[in-house]
Each structure stands twice: as C-alpha cells, then as structure tokens.
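Working notes, structure below.
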Amino acid sequence: MTDQNQQKNANSKVVRKLLLATVFMFGFGYALVPLYNIFCDITGLNGKTSDQAAEVKPADIDNNRWVTVEFIGSLNDNMPWKFRPAVSKMKVRPGEPSRVNYIAKNVSSNSIVGNAVPSVSPGQAAKYFTKTECFCFTQQELKSGEEKEMPVVFIVDKNIPKRINTVTLSYTFFNSPAATKEKSNVSMANK
Amino acid sequence: MSEDHHDHKPTGIGRWLFSTNHKDIGTMYLWFSFIMLFIGGGMAMIIRAELYQPGMQLVEPDFFNQMTTLHGLIMVFGVIMPAFVGFANWLVPMMIGAPDMALPRMNNMSFWILPFAFGTLISTLFMEGSAPNFGWTFYAPLSTTYGPASTDYFIFGVHLMGISSIMGSINVIVTILNMRAPGMTLMKMPIFVWTWLITAFLLIAVMPVLAGVVTMMLTDRNFGTSFFEASGGGDPVMFQHVFWFFGHPEVYIMILPSFGIISQIIPTFARKKLFGYSSMVYATASIAILSFIVWAHHMYTVGMPLAGELFFMLATMLIAVPTGVKVFNWTATMWKGSLTFETPMLFSVAFIILFTIGGFSGLMMSITPIDFQYHDTYFIVAHFHYVLVTGALFAIFAGAYYWLPKWTGNMYDETLGKVHFWISLVSVNVLFFPMHFLGLAGMPRRIPDYALQFTDFNQMASIGAFVFGGIQLLFLFIVIKCIRGGEKATDRVWEGAEGLEFEQLPSPAPFHSFTDAPQVK
Ligand code: HEM
Ligand SMILES: [Cu+2]
C-alpha cells in the first residue's frame, strides 16, 4: 500500500533526525570538557592558571603598589613526599618578575614521578598571574630520599584590579596517573 | 464492535517476548516498574531500619552506602521512568487515534533491554568488593579513583538504560508527529501527549550526555584518560557540571509526564474543561527549556564565582514561574467545578498540594546563601522526596487508578483504593516531613549513624516509612484484584471523562484499536 510506504518514509525521516540529534548530544557532552576549560581560562574562574610558560614582556613595573603573594604546597593523598615553599609569602611589584623556590623531598623507598597542579586564588586573580618558569610545566621525578629545589618565576600583571592585594599561589603534587593506578590496584587487592 | 476479527492475540510466553503491541509493551513496562518499586522500596526499608536509632545496628556502613546508591538509581531509572514509558505506550496511541506506536519492533527492544540493564546493576550486589557505593550521583573521584571494581558493571548498566530511553523517546516522538488521526492538530492533543512529547525531546537531549559522562568515567578508570583526574590535568568539579547538565533536565523528565497525568484527571472529576490549555503547553515547554540553564544550583558550594552563583540562582527561581502557572491552572480547573473524590482524584489533589510543598523547599534551596546551609543535609532529601514520591509517584498511582478500568475492563475496588490513599497520604508525610527539620538542624544525608539529638525525628520518619512501604502491598493486591475481575467498567468509565480513549473505545480497550483512524472534530 502506498499509504503505508509513505508513512514508513515519513517515519524514517524523523528517526534519522532524532538519531542525529542523539549523536550530536553525545558529542556535545564531550565538547563540554574543552568548553569548560576554555571558559575557565578566559574568565580565570576556578583559579585555573596556565600550565604553559608565558612570554616575557618588556618590564613595565608599577612602582606605586605592592601585592602580597602567599605560597602553599600540598600533597595529594597517596603522595609520599614532603613538599613546601621556601618562604611563605613575599611582596612584589606588579609587572616585576619574581622568583620563589619550593622544596620537595621523596621520603618513600621508591622513585616517584609527580605532577604539580597550580591554582590561584582569588579566582579573579588567575588571569593576572603568569609564570615564566615553573616546575609544574613538566613532570618531576625524585629518587628515593632525594631532595630538590624547584623554582617558579612569576609576574603579577600590573593591570590586576586594585582591590586585590593578596594572591595565593598553591600547588598540589599528585602521583602521576599511571603510578596512582598501580597503587590503587594494590589497595583494592588488599581489601 | 467490528474489531473482534483483529482481536486474536498470540499466546504463551511468546506473546510477551516478541510483542510489538503497544498495549502489551505498556503492560510490561508498568509491571517492570512495579517490581522495581518493591526492590528499591526494600532497600529504603533497610536504610530506614538502620536509621531508626543512632549507632550502628543492622548493616555495615559500606553496605548502607550501597543501599542509598542503588535505591536512588533504581527509583529514578527503574521505577519512575519506566512507569511513565508504560503510560506513554498504553495511552499515546489511543489518545491520538493511532493503531500502535510508530516503530513497534524498536518498542519491543527498548523494553527488553531494561531487565538486562537492571539485572546487571543489581548483580553488583553479589560481586566481590562491593556494589556501587558512591551515591546515585556517582561523583568523581569517588566513582573513578575510589570506585569499587563493580563500577564498570554499573557503567554498562547505565549505558543500556540510556539506549533504552533514547529508543523509547524516538518512538514517542515519531508516533506523535506522524501518526495522529486526521483532525488531531497539535493544539488539540491531550496535555498528557504534549508533556510526553516534550519529555521525549528532553530525553534525547540529555541521555546522550549521561552516556558521555559514564564513558569518560570508564576511560578514566580503565584506559588512562584523565577527564576527572586532577593529576593528569582533569578536574573532578567538571564531573559535576557534566552530570548536572544531564541531571537537572532529568528531574523534569521525571515530573513532566505526571503534570500530564494530573492535567487529564483533574478536569474529569471537576467536570470542567482544563483551565488554560494553551498556557499549560507553553508552561511545559518553558520549564523544559529553562531546565538546561539551572544545573549549577546543585553545585552552589563548589566555589563558583559570584556571577555564576547569581545567574544560577535567578534562573532557578525563574523556573518556579511556569510551575506556578500549572498549579494555578489546576486550582482554577477545580474552582466551582462539581467535584467528586474518587481515588484518582484524591491522589491528584494530594499531588497538587504536596508537590507544591516540594516546590517551595526547592525555592528555598535556590537561594544561594541559604543553600550553603541546606546543601547535603536531610532538607534536600525532604525536597526531592516531596517532588518525586508525593509528586511523580502519586501521579503514577493516580493514573493507574484512572486508566485501570479502561485497561482491564473492570473497576478497581474503590473502598480499598481509598484506604490505600489515606494511609499513604498520612504515612508519607510522617515519613518525609520530619526530614525538613532534621536538615535544618544539620543532619547530613547519606550517613548510617547520627548524633543523639536527631533521634526523635528519625524514628518518626522510619515509622512512616514502614507504613508507607507496607501499604504498597495493598496497592499490588488492588491491581491484581482489578485485573481478575470486578464490577464491569462502562466505556466512558468516569462520568466526566473525555478523550478518544474514553469516547471511542470500549472497556477494556481491544488488543488492536483505531485500525481505522477516527475523525477528530
Ligand atoms: C520549583 C522548582 C524547583 C526548584 C527551585 C528546585 C531546586 C533545587 C535545588 C536548589 C536543589 C539542590 C539542593 C542542594 O543540593 O543543595 C535541588 C535538588 C534536587 N531536586 Fe529540585 N527543585 C525544583 C523542583 C524539582 C522537581 C520537580 C524535581 C523532580 C521531580 C526535583 C528533584 C530534585 C532532586 C532529585 C534533587 C537532589 C539531587 C541530589 O541527589 O543531590 N526538584 N532542587
Ligand atoms: Cu536541579
């Protein structure tokens, strides 16, 4: 019956569109991931600061202002290191590159690869905080018992809003994913 | 009726396994949901028994967490959603004058996936290690880095449910768009059909996102990606964003069809036309659209910037407006109607009042600074049980009583129905109302033990829970009794009933209906 065929055609047209919408939304779910990161980068929400080295611009220093930068170092749960900044805070001039050292020591009996994830707070300051040199740009490996000084060179942008007088830079060291996986498998097996 | 030569149905188990008949598939969905209600309900009984007293009595904390997780997952994906799909299967073709669903074979498949999905989910209880124990919202890293081995089976189960829902929604949309009887314009469709059309679009928009998020979990757990793994550059907070992008529309998926059911029932027992039909349609559509921009009200405390908090707070409050329009319309429909209170109407009136209480607690939590106090306390447990149990589930009860005579040809036992209603009404409030106070006093959710001062309200809640759980066995009895016999229902069933299924089909509705499309004026 042509009537029925027509109905079939009309149906499969709608079905095709809906399947397309399904695939599109599945992709959209994944697209939320880069969108989320771009959104946070642009707005500096979430205290996300770049994990890439910034270009150094010719120094243009604001000598009328001090900004206090505080440093925090912390470790993820299953990271058998010691990790702290050499100084807990310093005053810097906006626009001027400054250097601070973090000190890490591996107190376990294995060699461990770690990843440091930086974060800046308040979130709005993240846009105005750039690093030209950082141990967080690459993975760090410490042998058992090894201690290392890890430098960071950063610049507080001179356009940072007047109301922000204190910026906190925090690093968390994570066991690198592969090593983490191994460890959690071991603890699962022990359960 | 001249339909009887169509009316030979296949027999035996094959009738159900290979069924492509929308009525049989609807029946299977409804029974599936009913069985899941007792499984999920049994888990709730374990939870409430443990919480009857402070201290650890019956179960291990880890098992308690498995119970809250599976209870939530089963109730959301195994009870409420399949029940509504069951209603859609039974009613949408009859209401729009179509002979069946547009894609009958796909219909069969989307049902038969479900037992496998939930078989997989429930089988995790018997696996080594533990069943999923991270809450129905399965936040990373609880479900990724720290999830038990069975989490991978949970992910597989969620994939199956997603596929089933998407196939079901495609079917509903195609049926509604292409199979309406001549004269059945979109704006003449019963509200139930409208709400399901919009729900189906919501499902197609967000179920794939759910599938995406569990796939990301799967690859994070097993293939070394780091979507949610901070050490690899991922972000666990992003999990919450992606999850709630699905999750908030999902809560409307669970309530829109009940709006539809209530909008069918109230006019029947008020013997008046539904007040503001087109505003109902527009309100439903705007709720659906707004539901995409409010997700972060579940995440006020993750540390969003002020602008974000404000945006999501205002957007959330905005949703209360179309919801208010609906409540207003139902009330206006009853206004000066010649009301009678048979069981479906009783459940519907209770729905309006109690759902509104749930809406109010929602409004309270939509205010960001206030939610900082309520978040993750029993207050929110009270909120979503008011909207889901006295909301969605009561609408399912109301709809079941309303259409059972049409489905079976027999009236249910009205006295028993009223007993079921009144005992449910009292016990459900004894069960959930004290949770507001517990939450305000600071009792956190998802814990197996609590401080001494919370004892009284917890005992009230537990007693309410045992009564409410127990009385549902009466509902089972009423349904079975109605299927097996009883006073014969008239074709119209209810004096004030309108719509093709009541006006043009006998009771019980024949196995094949509207093989010749009716003419709709
Ligand atoms: C006026 C409408 C509503 C408003 C303003 C509202 C608001 C909220 C807010 C702000 C939360 C988050 C609370 C928190 O985690 O601190 C919440 C949670 C929740 N709402 Fe609503 N809501 C409304 C209607 C509904 C409806 C209709 C449903 C479902 C049928 C629903 C289901 C839920 C669920 C399940 C949760 C808890 C999710 C979880 O497990 O964390 N809500 N609601
Ligand atoms: Cu929500």
Side-chain angles (χ1 to χ4, degrees), chain A residues 6-19 21-33 35-37 39-40 43-48 51 76-79 113-117 119 121-124 139 172-181 183-185 187-188 191, chain B residues 102-103 106 128-130 144-149 162-163 166-167 169-171 173-179 200-201 203-216 220-222 224-235 237-238 241-242 245-246 302-308:
Chain A
Q6 259 171 8
Q7 179 82 58
K8 274 228 165 79
N9 279 340
N11 287 354
S12 39
K13 231 193 209 151
V14 183
V15 172
R16 247 180 315 205
K17 277 188 203 151
L18 293 174
L19 283 177
T22 307
V23 174
F24 176 82
M25 286 312 294
F26 187 76
F28 180 77
Y30 272 83
L32 283 175
V33 176
L35 283 176
Y36 174 80
N37 287 324
F39 192 74
C40 290
T43 55
L45 294 187
N46 214 8
K48 272 207 175 191
D51 54 3
N76 191 233
D77 275 358
N78 46 13
M79 186 64 168
V113 181
N115 257 343
V117 175
S119 157
S121 115
Q124 292 97 312
Q139 294 197 322
T172 308
F173 249 113
F174 289 86
N175 219 328
S176 91
T180 310
K181 199 92 215 165
K183 260 194 99 64
S184 74
N185 283 347
S187 64
M188 285 296 293
K191 244 189 185 170
Chain B
L103 311 158
M106 191 157 96
E128 206 164 330
S130 86
T144 50
T145 314
Y146 304 104
I163 292 171
I166 288 171
M167 296 203 305
S169 334
I170 290 180
N171 217 337
I173 295 176
V174 178
T175 308
I176 296 175
L177 293 186
N178 286 358
M179 311 261 296
F201 275 112
L203 276 165
I204 289 190
V206 300
M207 284 317 263
V209 176
L210 174 70
V213 75
V214 293
T215 311
M216 291 178 209
D220 267 15
R221 287 172 56 84
N222 300 304
T225 59
S226 341
F227 287 103
F228 311 126
E229 174 68 47
S231 58
D235 188 342
V237 174
M238 189 182 64
H241 281 289
V242 185
F245 184 84
F246 148 81
V302 299
M304 272 189 293
L306 191 62

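Reckoned from all heavy atoms, side chains included, excluding hydrogens, waters and symmetry mates. Lettering follows sequence order; numbering is per chain, from 1.
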Single hit among Q7(A), Q6(A), K8(A) for side chain to side chain contact (heavy atoms under 4.5 Å, CB included) with N178(B):
Q7(A)
Please determine, among N171(B), I173(B), L177(B), L103(B), the option with the most heavy-atom pairs under 4.5 Å with chain A.
I173(B)
Gap separating the CE atom of M167(B) from the OG1 atom of T22(A), nearest 0.5 angstrom
11.5 Å
Could you list the donor-acceptor pairs under 3.5 angstrom formed by side chains in residues 203-211 of chain B, with sequence neighbours left out?
none

Just how far is it from atom CG of L32(A) to atom CE of M216(B), taken to the nearest 0.5 Å?
7.0 Å
What part of V117(A) is in contact with chain B, defined as an atom under 4.5 angstrom from a non-hydrogen atom: side chain, backbone, both or neither?
side chain
So for T175(B), is it side chain, backbone, both, or neither that comes closer than 4.5 Å to the heavy atoms of chain A?
neither
Residue selection (most heavy-atom pairs with chain B, distance under 4.5 Å) from G114(A), A10(A), G27(A)
A10(A)
Which atoms of I170(B) approach chain A - backbone, side chain, both or neither, heavy atom under 4.5 Å
both
Would the F28(A) and F245(B) ring centres measure less than 6.0 Å apart?
yes
Is there a side-chain contact between Y36(A) and V237(B) in this structure, where contact means two heavy atoms from C-beta onward sitting under 4.5 Å apart?
yes
